[in-house]
Amino acid sequence: MCSSIINLLNKLICIPSISPNDLGCQKIISKKLLNMGFSIKNFDIKNTKNMWAEIGSKKNGKTLNFLGHTDVVPSGNLYNWKFDPFTPTIYKGKLFGRGSSDMKGSISSFIIAIKKFLYNFRNRMKGRITVLLTSDEEGNAKNGIKKVVEKLIKKKEKIDYCIVGEPTSEKFLGDTIKNGRRGSLHLQLFLKGKGGHIAYYNSSENLIHKSSLFINDLIKLDWKEKFINKNEITNVQVSKIFSEDTVENMISENLFIRINFRFSYKISVSYIKRCVKNLLNYHKINCNMNWNISAKPFITKNGKLLDSVVDSILYFNKNKPNISMSGGTSDGRFINKMKSQIIELGLLNNTIHKPNEFVKISDLKKLSKIYEKIIEKLLL
Ligand SMILES: [Zn+2]
């Protein structure tokens, strides 16, 4: 079994599918799935390749979907790599290559898990297995899962359970899973004040002084999120403060501030907006605001999928996994529109997007076994 995971992964790593390019990865995977009896639909949108594969029937049970992406981030400076990033290399039990952990390794593991499950239980399966892949996860994610989900909803498709293969493990395989992600809200503030000579500050309005008091209050705001875990709470980060470049003895009349809110499912966007406006009024700051929501929060608090994932991990590990919502957002945010239960479980994330990305061979094998167990629990 392990050799077939590695064979598939080797083929995928050889392809430099830098986002949003797929360059044939999905063809290799669809060939494997066709051999297992899947039917395949391709949704190519501009330069993005998307693929939906299904086997079984949604009439006699639930639909379990595996979600993944075939694109990778660029390798960065080649001098920092021990081996060529697109020549898969096994060294001391580890397989090196761009995308090995994020997430061609997880894809290879779940494809082989599905193959094994069908080999053992094809006739006893209740429901349906689907595989959804995109080549636009690492980039701007405009023509990937977002668009495919719109099409699937129009076709009245459904996904009951969705497993996202993103690398969620931290120290060892299966120690952490994600049951959702926080939302992401961007704010740009364009402040206008009164410029002037630094020595005659009384007749000017120093926006840097004013806004620093505002920011100080903003980052200390209590969002009143009751009964919530530490890694789920709302966090504010100011990422840029920029004032026009004037001469040394001038107070600038303009200031630009860029802020991001990673917000929990406990609060709403309108609540955040209200709090910020109140604070700006309190500090008597006049400004234009530009809000942009890039991701809504989503969470799977409980249910059969979460139970099955935790139990399957417990079958191989001593302890239950940490259930977390940390990190950036994922394509799970789009699947959430289908009202699915969503859990993310994948390889270790310690080398992703870095030089010398690798995956332990033993982890590939173990992850595949966990995926297989999950399918058994949900579809038998
Ligand atoms: Zn990824």
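Worth knowing before you read on, the calculation uses all heavy atoms, side chains too, and leaves out hydrogens, waters and symmetry mates. Start at 1 with the first residue, then count along the sequence.
In the hydrophobic cluster analysis, where Ile, Leu, Val, Met, Phe, Trp and Tyr join through side-chain heavy atoms closer than 4.5 angstrom, F43 is grouped apart from I28. Note on Y315 and L345: same hydrophobic cluster, where clusters join Ile, Leu, Val, Met, Phe, Trp and Tyr whose side-chain heavy atoms are under 4.5 Å apart, directly or indirectly. Linking Ile, Leu, Val, Met, Phe, Trp and Tyr whenever their side-chain heavy atoms come within less than 4.5 Å leaves I335 and V131 in two separate clusters. Both I55 and L133 are members of a single hydrophobic cluster when ILVMFWY side chains are connected at heavy-atom separations under 4.5 Å. Note on V72: it does not cluster hydrophobically with I29, by side-chain heavy-atom contacts below 4.5 Å among ILVMFWY residues.
Each of V238, V276, I241, L185 was checked for a side chain to side chain contact (heavy atoms under 4.5 Å, CB included) with I259, and the lone residue meeting it is V238. Under the side chain to side chain contact (heavy atoms under 4.5 Å, CB included) rule, S169 has a single partner from L348, N350, L367, I177, which is L348.
The two atoms that bring D136 and G144 nearest to each other are OD2-N, 3.9 Å, heavy atoms only. Among all heavy-atom pairs drawn from S101 and V359, the shortest one is OG-CB, 3.9 Å. Here the closest heavy-atom approach between residue L189 and residue C287 is recorded as CD2-SG, 3.8 Å. Taking each heavy atom of S211 and L191 in turn, the nearest pair found is CB-CD2, 4.1 Å. Scanning both residues, S109 and L364, for their nearest heavy atoms gives OG-O, 3.2 Å. Across I40 and M51, no two heavy atoms sit closer than the pair CG2-CG, 3.8 Å.
Heavy-atom neighbours of K27 NZ from other residues, nucleotides or ligands within 6.0 Å: at or below the threshold of 12. Residue K210 places its NZ atom among more than 12 non-hydrogen atoms of other residues, nucleotides or ligands, all under 6.0 Å distant. Counting heavy atoms of neighbouring residues, nucleotides and ligands inside a 6.0 Å radius, atom NZ of K49 does not exceed 12 of them. Residue-environment remark: CZ (F83) exceeds the threshold of 12 foreign heavy atoms within 6.0 Å. Within 6.0 Å of atom OH in Y282, 12 or fewer heavy atoms from other residues, nucleotides or ligands are found, so the atom counts as exposed in its surroundings. Counted within 6.0 Å of NZ on K62, heavy atoms from surrounding residues, nucleotides or ligands total 12 or fewer; the atom is thus considered open.
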Using distance only, find each side-chain donor-acceptor pair of residues 151-158 under 3.5 Å and give its atom names and separation, not counting sequence neighbours.
| unit_1 | atom_1 | unit_2 | atom_2 | d |
| --- | --- | --- | --- | --- |
| E157 | OE1 | R128 | NH1 | 3.3 |
| E157 | OE1 | R128 | NH2 | 2.9 |
| E157 | OE2 | R128 | NH1 | 3.4 |
| K158 | NZ | D160 | OD2 | 3.4 |

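The list of side chain to side chain donor-acceptor pair (under 3.5 Å) pairs with a residue in residues 328-342, not counting sequence neighbours, reads S330-E344. Under the side chain to side chain donor-acceptor pair (under 3.5 Å) criterion, the residue pairs touching residues 255-265 are S184-N260, S184-R262, H186-N260, E225-S264, S239-R258, N260-R262, with sequence neighbours excluded.
No salt bridge links K369 with E372; every basic N to acidic carboxylate O contact stays at or beyond 4.0 Å.
Applying the ring pair (Phe, Tyr, Trp, His ring centres under 6.0 Å) criterion to Y200, with sequence neighbours excluded, gives H197. With sequence neighbours excluded, no residue forms a salt bridge (charged side-chain N to carboxylate O under 4.0 Å, His left out) with R182. Partners of F358 by ring pair (Phe, Tyr, Trp, His ring centres under 6.0 Å), not counting sequence neighbours, listed by chain and number: F96. Residues passing the side chain to side chain donor-acceptor pair (under 3.5 Å) test with D307, sequence neighbours excluded: none. The side chain to side chain donor-acceptor pair (under 3.5 Å) search around D71 returns S19, H69, not counting sequence neighbours. Not counting sequence neighbours, the partners of Q237 by the side chain to side chain donor-acceptor pair (under 3.5 Å) test are N235. Scored by the side chain to side chain donor-acceptor pair (under 3.5 Å) test, N356 finds no partners at all (sequence neighbours excluded). Listed by chain and number, the residues in a salt bridge (charged side-chain N to carboxylate O under 4.0 Å, His left out) with K115 amount to none (sequence neighbours excluded). For E357, the salt bridge (charged side-chain N to carboxylate O under 4.0 Å, His left out) test picks out R98, with sequence neighbours left out.
In summary, the aromatic rings of Y271 and F263 are positioned with their centroids too far apart to meet the 6.0 Å limit.
Contact of the K373 side chain with the E376 side chain is registered, since non-hydrogen atoms from C-beta on lie closer than 4.5 Å. Under the 4.5 Å side-chain criterion, counting only non-hydrogen atoms from C-beta, L23 is not in contact with T70.
In this model, no donor atom of one side chain and acceptor atom of the other lie less than 3.5 Å apart for T300 and N179. Side-chain contact, K104 with S17: a donor N or O sits under 3.5 Å from an acceptor N or O.
The closest donor-acceptor contact from the side chain of N317 to the backbone of I313 lies at 3.5 Å or more, if one exists at all.
A tilted orientation is assigned to the rings of F256 and F190, their planes being inclined by 30° to 60°.
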